[in-house]
Amino acid sequence: MSQDTLFDKVWDLHKVSSLPGGSDQIFIGLHLIHEVTSPQAFGALRDKNLKVKFPNRTVATVDHIVPTDNQTRPFKDNLAEQMISTLEKNCLQHKIKFFNIGSGNQGIVHVVAPELGLTQPGMTIACGDSHTSTHGAFGSIAFGIGTSQVRDVLATQTIAMNKLKVRQIWCENNLSNGVYAKDLVLHIINKLGVKAGVGFAYEFAGPAINALSMEERMTICNMSIEGGARCGYINPDEKTFSYIKNKLCAPKNDHWEKALTWWKSLKSDEDSIYDDVIKIDASKIEPTVTWGITPGQSIGINQKIPLLDELCPNDKLVAEEAYEYMSFKPGQSIKDFPVEVCFIGSCTNGRISDLRVAAKVLKDKKVSKNVKAFVVPGSEKVATEAKNEGLDQIFKDSGFQWREPGCSMCLAMNSDKLIGNQVSASSSNRNFKGRQGSPSGRTLLMSPAMVAAAAINGKVSDVREFIN
Amino acid sequence: MKSGFTPPIGKILQINGQCISLIGNDIDTDRIIPARFLKCVNFDSLGESVFEDDRKTLKGSHPFDLEKNKNATILIVNSNFGCGSSREHAPQALMRWGIKGIIGESFADIFYSNCVAIGIPCFTLPKKSIQQIQKYIDQKFLYLEINLKNSLVKSKDLNFTLEIKESSRKMFLSGEWDATSTLLKNKNLIENKFNDLPYLKFNNHFF
């Protein structure tokens with residue numbers, strides 16, 4: 001009897017050959033590109049006089065550099081304008097479908113592909129962006145690649161890669177009220193560490209995962225990379241199939257039936273052999289906030305920032321660096337720590353369900369006068385849906401700025417940046433030094449609901465006090 | 001940036017050079033090259049911006065600013081180096097500054113494969129050995145000769161056997177780290193795979 005994981009099955013299905021060095025040549029079913037990591041890859045194709053092998057297996061959008069205030073072309077930022085126009089030219093020249101601003105389908109690449117129905121179970125998906133792991137929520141094997149590998153996918157639709165090991169992360173019980181997928185994944189990264197996933201794909205499973213919506217599952221898989229795992233996935237189920245059904249690029253009619261039959265056959269065998277298994281009790285997790293400079297440095301809202309002695313030896317060096325950079329004292333509470341900027345958005349938490357949860361907290365409340373708060377929908381579709389539901393008005397009435405879709409202050413490649421050593425409460429994925437645009441800016445990662453609570457109180461707060 | 005930068009081509013058998021040490025765990029690619037420098041359509045000018053924010057903070061005392069390190073080519077790092085974003089701009093910036101090889105306790109996955117793809121061998125050593133080397137560099141000039149054939153590293157005072165993934169070592173020795181031409185060789189197999197994959201039959205045209 002077969003004892004393969006979904007990862008093994010999808011990998012084997014896409015294996016083209018064993019390469020002389022010992023790595024595998026893997027076919028990429030869906031290739032997603034954006035303006036930051038593709039121009040040099042197209043340049044390399046031109047240098048080598050190569051063509052795009054299967055242009056309709058690549059789809060493009062623009063997200064990292066787009067301004068979220070005024071999107072009139074040409075952009076005020078010349079470099080940003082140069083990047084979007086380079087992508088436009090490359091897509092036109094190579095006949096690649098490009099969802100540009102104003103198409104109704106532009107947005108953060110990891111928000112757009114699932115909502116178009118491009119992301120499907122059993123596929124291999126690659127993109128020049130580490131958060132490509134997001135797409136694993138659908139039972140695809142999806143991973144970030146660098147620009148040279150983008151070139152390889154464009155030229156050959158394949159890459160050279162070593163097969164990953166698989167660690168199952170079994171999440172028992174259910175999350176309690178006011179605790180979200182973001183809290184669960186931050187907790188997992190804290191327990192396992194930011195490099196535990198190196199060489200692994202993470203399979204998220206168990207009752208707590210089954211109970212999550214597709215968008216929540218995307219939040220979990222999105223941050224696999226923050227735990228060091230290049231790829232994270234969840235076995236597909238009825239929720240997966242019904243999310244995809246009727247999406248623009250979903251299989252239709254007879255094709256839908258064929259797809260469904262195949263997708264239902266795709267899951268890890270019951271007695272699959274994993275390289276490692278970890279158990280997490282989801283019911284014990286509190287709303288979680290990062291205090292440091294890696295996504296692994298997080299605590300529950302009612303916990304104190306750890307003392308050096310409480311940490312394992314390997315974590316001490318970076319903890320000392322974090323205390324200094326964040327100006328936190330070991331043993332200090334995170335609750336009630338003042339925040340100056342509140343950001344809701346990103347490929348981790350910029351989807352419609354994230355906006356709904358935050359709007360529910362903000363309804364009939366006002367953002368603290370000491371806080372600059374803004375919300376950046378993950379895509380044009382998310383923005384339209386939010387407007388149809390009146391969420392934009394709830395955000396605006398509370399004092400949040402309502403922006404146009406893009407990556408924005410997750411990595412601050414546009415003009416949305418922290419200033420000096422400002423503290424942000426952010427629904428994004430990375431709290432690295434300087435990540436949000438200021439070399440001394442400080443980021444506290446948390447769920448969108450927790451960002452909304454922090455915006456109202458002007459300090460880190462327990463969202464359960466708002467919703468219970 | 002060093003003048004006259006030429007990217008590596010073909011077989012990489014040997015890396016000789018002075019070592020530069022950078023102490024710290026989990027040094028991410030945002031620190032190696034902050035996101036604002038990703039606003040470019042080629043990699044040419046990244047070398048001068050490597051570790052820009054860390055260097056500004058340290059006002060001239062960052063290892064990449066020290067006069068004694070200006071000709072260094074082998075970078076010594078600690079654990080989980082290159083974590084975070086998949087930006088190839090990070091190893092490209094290191095390479096354009098002058099780095100030709102990296103020795104560390106461990107590397108993040110995507111950073112490691114980006115290094116292989118652009119011809120920077122990354123080797124690992126246990127924590128104790130790395131710390132020993134970093135301590136040595138603190139006091140003295142360290143010049144290493146790394147032989148990729150047997151992974152042996154030699155210097156006047158120190159001797160280590162480096163670890164490197166066998167698949168990567170073979171790719172550097174054969175010159176196939178620049179993977180495109182190797183992948184293209186299997187043109188027919190790629191076509192067969194394209195025709196065989198079940199989902200391409202019900203997704204044959206997206207648009």
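Chain letters run A, B, ... following the sequence lines, proteins first and then strands; every chain starts at 1.
- Inter-residue side-chain proximity for B/Lys165 and A/Ser23 is flagged as unmet; no heavy-atom pair is nearer than 4.5 Å.
- In this structure, a donor-acceptor pair under 3.5 Å is absent between the side chains of B/Asp26 and A/Thr294.
- In this structure, chain A has a heavy atom under 4.5 Å from the side chain of B/Leu197, while its backbone stays farther away.
- Counting only N and O atoms by type, the side chains of B/Ser113 and A/Arg230 include a donor and acceptor under 3.5 Å apart.
- Ranked by heavy-atom pairs under 4.5 Å with chain B, the list A/Ser38, A/Gly21, A/Ala412, A/Ala250 is led by A/Gly21.
- Minimum interatomic distance between A/Ala160 and B/Met171 (heavy atoms only, all atoms of both residues): CB-CE, 4.5 Å.
- Residue with the most contacts toward chain B among A/Ile65, A/Thr37, A/Ile225, A/Leu13: A/Leu13 (heavy-atom pairs, distance under 4.5 Å).
- Of the two parts of A/Lys53, only the side chain, counted from C-beta on, holds a non-hydrogen atom closer than 4.5 Å to a non-hydrogen atom of chain B.
- With chain A as partner, the option from B/Asp178, B/Thr57, B/Asp54 having the largest number of non-hydrogen pairs under 4.5 angstrom is B/Asp178.
- Scanning both residues, B/Gly24 and A/Leu317, for their nearest heavy atoms gives CA-CD2, 3.9 Å.
- The shortest side-chain heavy-atom distance between A/Gln120 and B/Phe202 falls under the 4.5 Å cut-off.
- Of the residues considered (B/Val116, B/Asp53, B/Ile118, B/Val41), B/Val41 shows the highest number of contacts with chain A, using heavy-atom pairs under 4.5 Å.
- For B/Glu163, the CD atom sits in a loose shell: 12 or fewer heavy atoms of surrounding residues, nucleotides or ligands are nearer than 6.0 Å.
- Note on B/Ser79, B/Ala117, B/Ser181, B/Ser85: by heavy-atom pairs under 4.5 Å with chain A, the leading option is B/Ser85.
- A/His14 has its ring centre less than 6.0 Å from the ring centre of B/Tyr199.
- In this structure, B/Phe43 and A/Thr147 have side chains that are in contact, with non-hydrogen atoms separated by less than 4.5 Å.
- Put simply, CD1 on A/Ile145 and CG on B/Asn114 are 9.0 Å apart, with the number rounded to the nearest 0.5 Å.
- For the set B/Ala90, B/Ala35, B/Gly84, the entry with the most heavy-atom pairs within less than 4.5 Å of chain A is B/Gly84.
- Contacts between A/Thr158 and chain B at a heavy-atom distance below 4.5 Å involve backbone atoms as well as side-chain atoms.
- The closest donor-acceptor contact from the side chain of B/Ser86 to the backbone of A/Asp129 lies under 3.5 Å.
- Between chain B and the options A/Trp263, A/Phe42, A/Phe27, heavy-atom pairs under 4.5 Å are most frequent for A/Phe27.
- Using a 4.5 Å cut-off between heavy atoms, B/Glu176 touches chain A through its side chain atoms alone.
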side-chain contact (heavy atoms from CB on, under 4.5 Å) between B/Asp109 and A/Leu164, intermediate numbers included: CA-CA 10 Å; B/Asp109 268 346; A/Leu164 299 167; 4.1 Å; yes
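- The side-chain heavy atoms of B/Lys39 and A/His64, taken from C-beta on, include no pair separated by under 4.5 Å.
- In this structure, chain B has heavy atoms under 4.5 Å from both the backbone and the side chain of A/Thr124.
- At a threshold of 4.5 Å between non-hydrogen side-chain atoms, the residues A/Val16 and B/Leu183 do not count as touching.
- The CG atom of B/Asp28 sits 8.0 Å away from atom CD1 of A/Ile293, with the distance rounded to the nearest 0.5 Å.
- Looking at A/Val318, only its side chain comes within 4.5 Å of chain B, counting heavy atoms on both sides.
- Atom CG of A/Asp254 is surrounded by 12 or fewer heavy atoms from other residues, nucleotides or ligands within 6.0 Å.
- To the nearest 0.5 angstrom, A/Gln25 atom CD is 7.5 Å from B/Leu189 atom CG.
- Salt bridge status for B/Arg36 with A/Asp77: absent, with no side-chain N to carboxylate O gap under 4.0 Å.
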Criterion side-chain contact (heavy atoms from CB on, under 4.5 Å) on A/Lys258 and B/Lys201, from CA distance to verdict: CA-CA 9 Å; A/Lys258 280 182 196 151; B/Lys201 295 187 176 62; over 6 Å; no
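- The structure places NZ of A/Lys195 at 6.5 Å from CG of B/Asn25, a figure rounded to the nearest 0.5 Å.
- For B/Lys193 (side chain) and A/Lys15 (main-chain N/O), a donor-acceptor pair under 3.5 Å exists by modelled atom type.
- Judged by distance alone, the side chains of B/Asn186 and A/Ser17 do bring a donor and an acceptor atom under 3.5 Å apart.
- Between chain B and the options A/Lys48, A/Met83, A/Glu35, the largest number of non-hydrogen pairs under 4.5 Å is found for A/Met83.
- For the set A/Gly199, A/Gly437, A/Ser440, the count of heavy-atom pairs under 4.5 angstrom toward chain B peaks at A/Gly199.
- Both the backbone and the side chain of A/Pro20 come within less than 4.5 Å of a heavy atom in chain B.
- Contacts between A/Phe143 and chain B at a heavy-atom distance below 4.5 Å are absent for every atom of the residue.
- A 4.5 Å side-chain heavy-atom check between A/Val198 and B/Ser106 finds every atom pair outside the cut-off.
- Distance check: B/Lys170 NZ to A/Leu19 CG gives 11.5 Å after rounding to the nearest 0.5 Å.
- Within the 4.5 Å cutoff, side-chain heavy atoms of B/Leu200 are placed close to those of A/Arg57.
- Heavy-atom distances place both the backbone and the side chain of A/Arg435 under 4.5 Å from chain B.
- A distance-only check finds no donor-acceptor pair linking the side chain of A/Gln82 to the backbone of B/Cys40 [under 3.5 Å].
- Across A/Pro39, A/Ser130, A/Pro121, A/Gly128, the residue that shares the most heavy-atom pairs under 4.5 angstrom with chain B is A/Ser130.
- Only the side chain of B/Lys127 has a heavy atom closer than 4.5 Å to any heavy atom of chain A.
- Between A/Phe432 and B/Arg31, every side-chain heavy-atom pair lies at or beyond the 4.5 Å cut-off.
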side-chain contact (heavy atoms from CB on, under 4.5 Å) evaluation trace for A/Thr156 with B/Lys187: CA-CA 8 Å; A/Thr156 73; B/Lys187 218 164 53 183; over 6 Å; no
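- Neither the backbone nor the side chain of B/Tyr112 has a heavy atom closer than 4.5 Å to any heavy atom of chain A.
- Contact of B/Pro34 with chain A is not made at all, since no heavy-atom distance falls under 4.5 Å.
- There is no contact between B/Ser168 and chain A, counting heavy-atom distances below 4.5 Å.
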